[in-house]
Amino acid sequence: KRIAILASGSGSNAEKIINYFENSESIQVDLLLTNNPQAGIIERGRRLGVPILIFDKKSFAKTDKIVEILQKQGIDWVILAGFLWLIPTNLVKAYPNKIINIHPALLPKYGGKGMWGHFVHEAVHANKDTESGITIHYVNENYDEGEVIFQAKCELIESDTPDDIAAKVQVLEHKHFPEVIEKLILA
Ligand code: GRF
């Protein structure tokens, strides 16, 4: 099975996924795509030898170009790993229940447009929550609203800063995302 990963940022989750499937007979990461020419994932793709495609808003949201590229490459699964744009309907429809996202919080809390990365951990911190975690879910046309596949929690203590929370959540992301993807694909 062939995976494409979309990311807008550093790409640490993408790297974990690539490494996890490095010696797999049945699953491989064939393509990385990003909307951000400055994204760290570009360097990671180069270092890991995975082709990376940089696209702009117009080609992503207004044309079928990305869907055509994915289909031409024989991509079976589309993984969002820190991708910040809404997925256009044509892509959702081309990959029904085959687009998976990870959100750095326990949805439905702290979800929706603009709730990503630091904003999420700031909000969790401001609310003095005693736990946070990750949510892996199917992607539909709305931010963070697809059916939940998996959640994992981490305990928070009084002294945790937003960065401490981010670090605890990232441990869960790196541990669980590749495993959950594998289970989904092999199911
Ligand atoms: C992670 O916090 C993930 O949960 C969220 O965006 C971040 C991506 O981090 N969707 P990275 O670019 O994989 O390091």
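Values below: every heavy atom of this structure, side chains too, minus hydrogens, waters and symmetry copies. When a ligand or atom number is given, it counts from 1 through the structure's own listing order.
Applying the 4.0 Å criterion to heavy atoms of S10 picks out, from ligand 1, the atoms 12 (O), 14 (O). Within ligand 1, counting atoms from 1 as listed, the ones closer than 4.0 Å to a heavy atom of P104 are 2 (O), 4 (O), 5 (C).
For a threshold of 3.5 Å applied to N or O pairs, the pair formed by G9 and ligand 1 contains no separation below that value. Considering backbone and side-chain N/O atoms, N101 never comes within less than 3.5 Å of an N/O atom of ligand 1. Between F83 and ligand 1, not a single N/O pair is under 3.5 Å apart. Considering backbone and side-chain N/O of S12, one or more are found under 3.5 Å from N/O of ligand 1.
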Throw together a table of side-chain donor-acceptor distances under 3.5 angstrom for residues 60-71, partners on residues two or more places apart or in other chains.
{"from": "T63", "atom 1": "OG1", "to": "S59", "atom 2": "O", "distance (Å)": "2.6"}
{"from": "T63", "atom 1": "OG1", "to": "K65", "atom 2": "N", "distance (Å)": "3.0"}
{"from": "D64", "atom 1": "OD1", "to": "N90", "atom 2": "ND2", "distance (Å)": "2.6"}

Just distance, no hydrogens or angles: give the donor-acceptor pairs under 3.5 Å from side chains in residues 2-9, sequence neighbours left out.
{"from": "R2", "atom 1": "NE", "to": "D30", "atom 2": "OD2", "distance (Å)": "3.2"}
{"from": "R2", "atom 1": "NH1", "to": "Q73", "atom 2": "O", "distance (Å)": "2.9"}
{"from": "S8", "atom 1": "OG", "to": "N35", "atom 2": "OD1", "distance (Å)": "2.7"}
{"from": "S8", "atom 1": "OG", "to": "L84", "atom 2": "N", "distance (Å)": "3.0"}

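Comment: E15 engages R47 in a salt bridge, judged by a side-chain N to carboxylate O separation of less than 4.0 angstrom. A salt bridge links D160 with K168: the closest approach of a Lys/Arg side-chain nitrogen to an acidic carboxylate oxygen falls below 4.0 angstrom. Ionic pairing of K93 and E141 is present here: one or more N-O contacts between side-chain nitrogen and carboxylate oxygen are shorter than 4.0 angstrom.
Using a 4.0 angstrom heavy-atom cutoff, A7 does not count as in contact with ligand 1.
Ranking protein heavy atoms by distance to atom 10 (N) of ligand 1, first place goes to I102 O, 3.0 Å. E173 OE2, 2.6 Å is the protein heavy atom nearest to atom 4 (O) of ligand 1.
Judged purely by distance below 3.5 Å, without hydrogens or angles, the side chains of H125 and T161 never pair a donor atom with an acceptor atom.
In this structure, K1 fails the cation-pi test against W77, since its NZ or CZ atom is not both closer than 6.0 Å to the six-membered ring centre and inside 45 degrees of the ring normal.
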